[in-house]
Amino acid sequence: MKRRWARDLRAALMALVLISMLPRFFAGAGHAAPSEGAQDSAITLFLNSRETFYADSFPRETVYRFTPARTDAYIFHGLPGGAGGLFLTARLTDERGAALAQTSGDDAFALSAVLEAGVRYELRVTARGGGSAIIEVMKDAYGHCVDRPLRLQSGSVRYVRAIVAARDTHWYSFIAPRDGWYVVRTESAGETALDTRGALLNKAWREIAQSDDLLFPGDGNFRFCRRLNGGEIYYIRVCAASNQTGAYRLIVAMPEAGEALPVRLSLSETQLALQAGETRALSAAFHPEGALPDVAWASENPRIARVDETGAVTGVSAGRTVVHAYAGLREVVCEVNVSPVPLAGLAFDADSLALPQGESAILTPVFTPENASDTRLIYSSEDETVAVVNQSGRVTGLSPGETRIVARAASDFTAAASVTVTEPLPTYRALVLGEMNYESGRTRLGGLNTAEGVRDMLVQQSVNGRRYEVTLQMDSTRESLLALIEETFAGAKECDVSLFYINCHGDSDDTAWIELHDGTRVTAAQLEQLLRRIPGKVAVIVDCCRSGAFLGGEQGCDRFTSAVCEAFQSGEASAFAADKYLVLTSAGVDEDSYRRSFGNDSDEASMATIMARSLCEGAGWDLIGDRVCTLKADADRDRGVTLQEIWQYAHRRVLYYLEGTGVAQSVRVWPEGDQTALFGRE
């Protein structure tokens, strides 16, 4: 009875096992397309990232997605993972599901295509059999994929290469000249250490060795020592960790004359006592003599002592660390003790410092000796209302005056420098307005080219080391004009310079006015009311017909009349001093302001106002050619252009461009002789 009960129990358990396997069996049978849930679990591939594909005896499909950052030729690889036994099929489709390529193979596949940047592609990998594969997408370029590796010469190699982009990976191949032990490793070849990873693959592209760090975390180079078969081809994969970039040196040490690996390895010293900055050389001895002559060096803590590729050890800072030497399968170490170097003197690189209010500068400490160990400093300002200093030695001027900055070391050595804070430097802001399309249907050809040209000219300027903050607006209404003036010149101070330029339709009847996109007219007095709220100097450049009326005066009269006082000088209507405004107009009271084509065709790119082109040339910008030119208005060659200089140049240049046309246009300025710098170049 008991035996029958046991038989029934075993039969029931076997049935449960078979029932539990049925969904898995039917899910794989027939290569059914993945469900929506399976699509959502697709694996994202990145360039040169490696994903492991696992399969058992049942058919298995996995979906991978890849979105290239740039349009290029790419190759998708399935490389052998563990033991063989997989039959792989791969199919590449675009985001619409259209097939781009398909292939299959035993344990490996390769599938290439030109892909577009920003488009998501899907790779479906199906396998029958049991085993694993490595799925990787590479650039289809020489040296960047396993199909087109850099071929190394026969014999030992020392090859320098740069990782220039994140996820960059290099592939190499070589033919082993004979049976024996081979060493493959890297050394940092740039100014900063590069953390590299390496792998060695056989002729079937199966990985047979890999290494990440020679010595973690002190040395990010990799190294592996492997016995290889003569006459066979091998592949090396090198990449950088953590998306780093930089240079590395690949070393492949080959047994060129049948050299064996060292049986014993010893160093010239097993202990070193150094001071910071001192260098001592270590040398390695092999037994037997004539063993494979390759040594790799690494320091456990390069911040205490570093070691180069020749075995030279340099003390960096006080402390203890260990230097390792590797040859073949052997490793030996040397203990390094770095003693502190006492500080003997402290000073600043300058005894005095002058900086404008609101600006910052660094006071650099000078230590004696230069390799002193303890260089910690505490900074202080004797008058923090004048200037403050942070603990990196950066001094910031707060208000005009004088103070002293003091740095104190732990050993009580001090350094001091006098600091003079001067008046603040001006900030330069510019609002450039162009009216091209009017609501009435009128179009001013060249309006956009003119405004953009003036904007480009201003962006190039450097006045006393300061650059313009430029805002460009086309086709402004009265409402947007108000908002733009307020927004562009917000934060202006009395020491700042604000420049307002407008190119539009304008005229003068009883008073001068400019016309905006919506047909509204803004008179000179109304414009002044908007600009008077801006603190500091305001430069006004009006590029339109009859713009000279903004400066007043009877027709043809060269002297300015009461209109100047009413619009841009002090008086009952103005709360500001007479020297607040600098005004430049493109034409006289009764003159038109002309546009012309500076090319063979009258198109937007070649059309501009004569005033704008002359203004830009004087300030060192070719408006039509879109390029920097000589600072033509700089009469005294001091690399700065004042209001007086730009007026003199623009006035002459406009007359030159109109020569022989029979029309007149004279650039006007107020006040004459003003030496305020508006343009310049470093």
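For this chain, numbers begin at 1 and follow the sequence in order. Side chains included, hydrogens not; waters and symmetry mates left out as well; all remaining heavy atoms used.
- Using a 4.5 Å cut-off on side-chain heavy atoms (C-beta onward), Tyr172 and Leu250 make contact.
- Checked by atom type and distance alone, the side chain of Arg161 never pairs as donor or acceptor with a backbone atom of Tyr248 at under 3.5 Å.
- When side chains are defined from C-beta on, Phe87 counts as touching Thr89, because their heavy atoms get closer than 4.5 Å.
- Arg223 contributes no side-chain N or O that, together with a main-chain N or O of Ala296, makes up a donor-acceptor pair within less than 3.5 Å.
- With a 4.5 Å cut-off on side-chain heavy atoms, Met457 and Gln460 do not count as touching.
- Annotation: side chain of Asn221 is not in contact with side chain of Arg185 (no heavy-atom distance under 4.5 Å).
- In this structure, Glu207 does not pair ionically with Arg237, as no charged nitrogen and carboxylate oxygen lie closer than 4.0 Å.
- Panel note: side chain Gln244, backbone Asp195; a donor-acceptor pair is recorded below 3.5 Å.
- The shortest non-hydrogen separation linking Val146 to Pro149 is O-CD, 3.3 Å.
- Two rings, from Phe66 and Tyr64, have their centers 6.0 Å or more apart.
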Stepwise side-chain contact (heavy atoms from CB on, under 4.5 Å) test for Val459 and Trp621: CA-CA 10 Å; Val459 168; Trp621 180 255; over 6 Å; no
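- The heavy-atom pair separating Leu261 from Cys225 by the smallest distance is CD1-SG, 3.9 Å.
- Residues Pro302 and Gly218 come closest through the heavy atom pair CG-O, 3.4 Å.
- At distances below 3.5 Å, not a single donor-acceptor pair connects side-chain atoms of Glu136 with backbone N or O atoms of Leu79.
- Pairs passing the salt bridge (charged side-chain N to carboxylate O under 4.0 Å, His left out) check and including a residue from residues 305-328, sequence neighbours excluded, read Arg320-Glu335.
- Under the 4.5 Å side-chain criterion, counting only non-hydrogen atoms from C-beta, Ile208 is in contact with Tyr234.
- Counting only distance, with no hydrogens or angles, the side chain of Asp219 and the backbone of Ser299 share no donor-acceptor pair below 3.5 Å.
- In this structure, Val307 and Val313 have side chains that are in contact, with non-hydrogen atoms separated by less than 4.5 Å.
- To the nearest 0.5 Å, the span separating CH2 on Trp171 from OG1 on Thr169 amounts to 8.0 Å.
- Within the 3.5 Å criterion, the main-chain N or O of Tyr54 finds a donor-acceptor partner in the side chain of Arg60.
- Taking each heavy atom of Arg151 and Tyr142 in turn, the nearest pair found is N-OH, 3.9 Å.
- Here the closest heavy-atom approach between residue Ala240 and residue Leu194 is recorded as CB-CD1, 4.1 Å.
- Looking at Thr321, its side chain never comes within 3.5 Å of a backbone N or O of Ala305 through a donor-acceptor pair.
- Side-chain atoms of Asp622 never come within 3.5 Å of backbone atoms of Arg627 as a donor-acceptor pair (strictly under, hydrogens ignored).
- The minimum heavy-atom distance between Arg167 and Asn48, with the atom names listed, is O-ND2, 2.6 Å.
- Thr62 places none of its side-chain heavy atoms less than 4.5 Å from the side chain of Glu51.
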Only distances under 3.5 Å count here; give the side-chain donor-acceptor pairs of residues 107-120 to other protein atoms, sequence neighbours excluded, each with its distance to 0.1 Å.
from: Asp107; atom 1: OD1; to: Gly85; atom 2: N; distance (Å): 3.0
from: Asp107; atom 1: OD1; to: Leu86; atom 2: N; distance (Å): 3.0

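- Between the side chain of Glu269 and the backbone N or O of Leu282 there is no donor-acceptor pair closer than 3.5 Å.
- Under a 3.5 Å cut-off, the side chain of Ser211 and the backbone N or O of Phe224 do not form any donor-acceptor pair.
- A salt bridge is absent between Asp168 and Lys139; no separation between the charged side-chain nitrogens and carboxylate oxygens falls under 4.0 Å.
- The environment of Arg264 atom CZ is sparse: at most 12 non-hydrogen atoms of other residues, nucleotides or ligands sit within 6.0 angstrom.
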